[in-house]
S.K.: 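Dumping the structure here so I can ask a few things about it.
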Amino acid sequence: MPQHVTEKDVRDIATYTRIGLTDDEVSQMTVDLNEIIESLAPITEYDLNGVEPTFHPIGALSNIMREDEELGSFSQETALENAPKQQDGCFLIPSILGEGGDR
């Protein structure tokens, strides 16, 4: 089997990605990566002459989002009517910074 990735390559990748690998893990990772790359070899056997590259699996997909449409919004009273606590027209929520009380 051809050697696509060397142990030095694996160590460089591990250093770049800040992954700590032992010598045994580097050896095993080298074997594993070379097997993975080799398993992709059949892809290179396809005749792709004249095949246009695609950038989206669905082909000529265009923007399918609807147009923005301005709708009415809630009034402040409607937005606050189910709030468990409110003060001065605002939601009153428990403090999350350990200072106690509501904010």
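A quick note: this is a predicted structure, and the numbers were derived from the prediction, not measured.
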S.K.: Quick one: side-chain hydrogen bond (donor to acceptor under 3.5 Å, both in side chains) partners of D24, sequence neighbours excluded?
M.R.: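 If we apply the side-chain hydrogen bond (donor to acceptor under 3.5 Å, both in side chains) test to D24, skipping adjacent residues, there are no hits.
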S.K.: Sequence neighbours excluded, which residues qualify as side-chain hydrogen bond (donor to acceptor under 3.5 Å, both in side chains) partners of T15?
M.R.: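 Result, side-chain hydrogen bond (donor to acceptor under 3.5 Å, both in side chains) vs T15: none returned.
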S.K.: Measure the CD1-CD distance between I36 and E38 for me, rounded to the nearest 0.5 Å.
M.R.: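 So the gap between those two atoms works out to 12.0 Å.
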S.K.: Are Q3 and T30 close enough, and set up right, to give a side chain to side chain contact (heavy atoms under 4.5 Å, CB included), and what steps lead you there?
M.R.: CA-CA 9 Å; Q3 184 84 1; T30 303; 3.6 Å; yes
S.K.: Is there a donor in the side chain of S75 and an acceptor in the side chain of T78, or the other way round, less than 3.5 Å apart?
M.R.: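 T78 and S75 do have a side-chain donor-acceptor pair below 3.5 Å.
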S.K.: Can you tell me how far apart CD1 (I19) and CZ (R11) are? Round to the nearest 0.5 Å.
M.R.: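 So the CD1 of I19 and the CZ of R11 are separated by 14.0 Å.
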S.K.: Verify the distance criterion only: is there a donor paired with an acceptor across the side chains of D32 and Q28 at less than 3.5 Å?
M.R.: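 Distance-only check passes for D32 and Q28.
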S.K.: Can you name the nearest heavy-atom pair linking Q87 to L92, along with the distance?
M.R.: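 Heavy atoms of Q87 and L92 come nearest at OE1-CD1, 3.5 Å.
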S.K.: Hey, does the side chain of Q86 reach the backbone of F91 with a donor-acceptor pair shorter than 3.5 angstrom?
M.R.: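 Between the backbone of F91 and the side chain of Q86 there is no qualifying donor-acceptor contact (under 3.5 Å).
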S.K.: Quick one: closest heavy-atom pair of C90 and Q76, and the distance?
M.R.: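 Result for this residue pair: N-NE2, 4.5 Å.
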S.K.: One pair to check against side chain to side chain contact (heavy atoms under 4.5 Å, CB included): H4 and L33. What are the steps and the verdict?
M.R.: CA-CA 8 Å; H4 301 283; L33 287 173; over 6 Å; no
S.K.: For F74, what are the other residues in its hydrophobic cluster, where any two members join if their side-chain heavy atoms are less than 4.5 angstrom apart?
M.R.: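 Hydrophobic cluster check, F74: no partners found.
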S.K.: If you look at every heavy atom in E7 and S27, which pair is closest and at what distance?
M.R.: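 The pair with the smallest heavy-atom distance is OE2-OG, 3.1 Å.
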S.K.: Taking atom CD1 of I93 and atom NZ of K85, what is their separation to the nearest 0.5 Å?
M.R.: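 NZ of K85 is found 11.0 Å from CD1 of I93.
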S.K.: With clusters defined by side-chain heavy atoms of hydrophobic residues (ILVMFWY) lying less than 4.5 Å apart, directly or transitively, does M29 cluster with I37?
M.R.: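 Yes, I37 connects to M29 through the hydrophobic network.
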S.K.: If hydrophobic clusters are built from ILVMFWY residues whose side chains come within less than 4.5 Å, do V5 and V26 share one?
M.R.: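 Yes, one cluster joins them.
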